[in-house]
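Just so it is clear: chains get the letters A, B, ... in the order the sequence lines come, proteins before strands, and each one is counted from 1.
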Protein chains: 2
Amino acid sequence: MPPFKFDKIDRKILDILQADGRITNAQLSKDIGLSPAPTLERVKKLENTGIIKSYHAKLDTAKIDLGVNTYVMVSLKAHNKSNIDVFIDAINEVDEIIECNHVTGSHDFILKVITKDIASYQKLMLERVSEIEVVDSMQSMVILSTFKDSKVLPIPSN
Amino acid sequence: MPPFKFDKIDRKILDILQADGRITNAQLSKDIGLSPAPTLERVKKLENTGIIKSYHAKLDTAKIDLGVNTYVMVSLKAHNKSNIDVFIDAINEVDEIIECNHVTGSHDFILKVITKDIASYQKLMLERVSEIEVVDSMQSMVILSTFKDSKVLPIPSN
DNA sequence: ATAGAATCAGAATAATATTTGGAATTTTGT
DNA sequence: ACAAAATTCCAAATATTATTCTGATTCTAT
């Protein structure tokens with residue numbers, strides 16, 4: 001399958017759906033200047049080709065009592081495939097870890113961890129993450145405040 | 001306004017809408033075991049109270065040619081309010097920086113940066129970020145691969 | 001117990017999504 | 001350049017969903 005080329009109209013659709021994932025097809029079609037039928041067809045194609053992976057509600061963490069958000073940088077004892085697999089499998093069991101990226105630099109992984117408070121954060125780290133046998137060291141950055149959290153990616157023009 | 005208490009049904013709604021932001025109200029009502037009318041009423045209340053902030057399409061960065069994603073840790077020359085304001089204002093101008101968090105630890109901010117390739121990343125950093133006068137130092141972590149990217153927050157049960 | 005508020009189901013209506021058929025445009029191969 | 005093929009589009013018809021409304025039931029606080 002060729003990597004599917006989308007045109008200017010598709011890009012506009014992607015911009016709009018990133019900013020408002022629940023816009024109606026009727027409104028979307030007005031915004032991009034097409035009738036509803038081809039608009040829907042384009043959206044479906046973007047979904048079917050996997051360019052649009054999914055849609056999600058974004059919640060206010062403070063209002064659902066998730067006050068302590070952190071980034072945690074993790075180093076493994078050795079970075080062979082076996083160890084990485086063990087780590088990934090363990091991470092996937094933990095709902096509070098919502099992101100896990102393998103990164104360059106002096107650490108191996110960076111995690112994003114969402115918890116209710118410091119106590120639950122500490123408990124999670126001590127009992128669930130430190131306990132993963134392949135983990136060597138961890139370094140936490142507690143998020144004090146968030147100044148930008150855009151869900152709109154900068155799609156290149158060409 | 002009291003901090004609005006949501007019950008078990010609301011929590012289920014939040015779980016479902018985080019996982020599938022475009023589910024129809026009809027299907028949602030079936031999933032939670034209520035009729036459409038009160039289901040919609042609950043969703044609207046969750047939106048109006050700000051617990052649900054927004055809805056967004058999630059795209060495949062590789063397929064839209066955004067192959068280089070990084071975390072960048074930034075230290076400012078001094079962390080007074082004035083400098084922070086200057087920094088935030090500058091960051092908000094840059095579409096490629098989709099997240100900006102003020103954090104504890106040896107750096108001041110952590111950014112998430114989305115670009116097409118290494119060349120565009122370097123250009124962005126040199127010409128847009130390094131140029132911000134209050135920036136002292138930067139340290140990059142390039143994302144090699146993403147093992148988890150969940151849009152579902154672990155809502156505390158009580 | 002009882003008034004008031006909140007929540008619910010079911011039905012009616014309004015809006016939207018989705019399908020269909022065919023015209024117009026673009027693309028492709030010669 | 002040309003014609004066939006493919007793509008893209010619109011407009012209209014139908015199916016599905018959202019939304020509103022009414023009244024019954026449950027919950028809450030006194």
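Within 4.0 Å of A:I9, counting heavy atoms only, lie sugar-phosphate atoms of the nucleic acid but no base atom. Using a 4.0 Å heavy-atom distance criterion, B:R22 is classed as making no nucleic acid contact. Using a 4.0 Å heavy-atom cutoff across all strands shown, A:A26 reaches sugar-phosphate atoms only and no base atom. Backbone-only contact: B:T24 has heavy atoms under 4.0 Å from sugar-phosphate atoms and none from a base.
A 6.0 Å sphere centred on CD of A:Q27 holds more than 12 heavy atoms belonging to other residues, nucleotides or ligands. Other residues, nucleotides and ligands place more than 12 heavy atoms under 6.0 Å from the NE2 atom of A:H107.
Summarising the geometry, the separation between NZ on A:K8 and P on D:dC9 is reported as 14 Å, rounded to the nearest angstrom. Here the P atom of nucleotide D:dA15 and the CD atom of B:Q27 are 20 Å apart, to the nearest Å. One interatomic measurement links the two molecules: CG of B:L40 to C1' of C:dA9, which rounds to 14 Å at whole-angstrom precision. The NZ-P distance, from A:K30 to D:dC10, rounds to 14 Å in whole Å. In this structure, A:L28 atom CG and C:dT16 atom P are separated by 13 Å, rounded to whole Å. Atom-to-atom, CD of A:E47 to P of C:dA17 comes out at 12 Å; the value is rounded to the nearest Å. Counting to the nearest Å, the C1' atom of C:dT25 and the CG atom of A:L34 are 13 Å from each other. Remark: C1' of D:dC9 and CG of A:D7 are 13 Å apart, rounded to the nearest angstrom.
Each of B:M73 and B:L124 belongs to its own hydrophobic cluster when Ile, Leu, Val, Met, Phe, Trp and Tyr are linked at side-chain heavy-atom distances under 4.5 angstrom.
For A:P36, whose side chain is taken as the heavy atoms from C-beta onward, the closest listed nucleotide among C:dT18, C:dA9, D:dC9 is C:dT18. Among C:dA17, D:dC10, C:dC8, the nucleotide with an atom closest to any side-chain atom of A:N25 is C:dA17. Of the candidates C:dC8, D:dC10, D:dT19, C:dC8 carries the atom nearest the B:E41 side chain, counting heavy atoms from C-beta on.
For the atom pair B:K148 NZ and A:F109 CZ, the distance stands at 13.0 Å (nearest 0.5 Å). Between the CD1 atom of B:I13 and the NZ atom of B:K45 there is a distance of 10.5 Å, given to the nearest 0.5 Å.
Taking side-chain N and O atoms only, B:K45 has no distance below 4.0 Å to OP1 or OP2 of C:dA6. Close to D:dA18, at under 4.0 Å from its OP1 or OP2, lies no side-chain N or O of B:K44. Between B:R42 and C:dT7 there is no side-chain polar atom (N or O) within less than 4.0 angstrom of OP1 or OP2.
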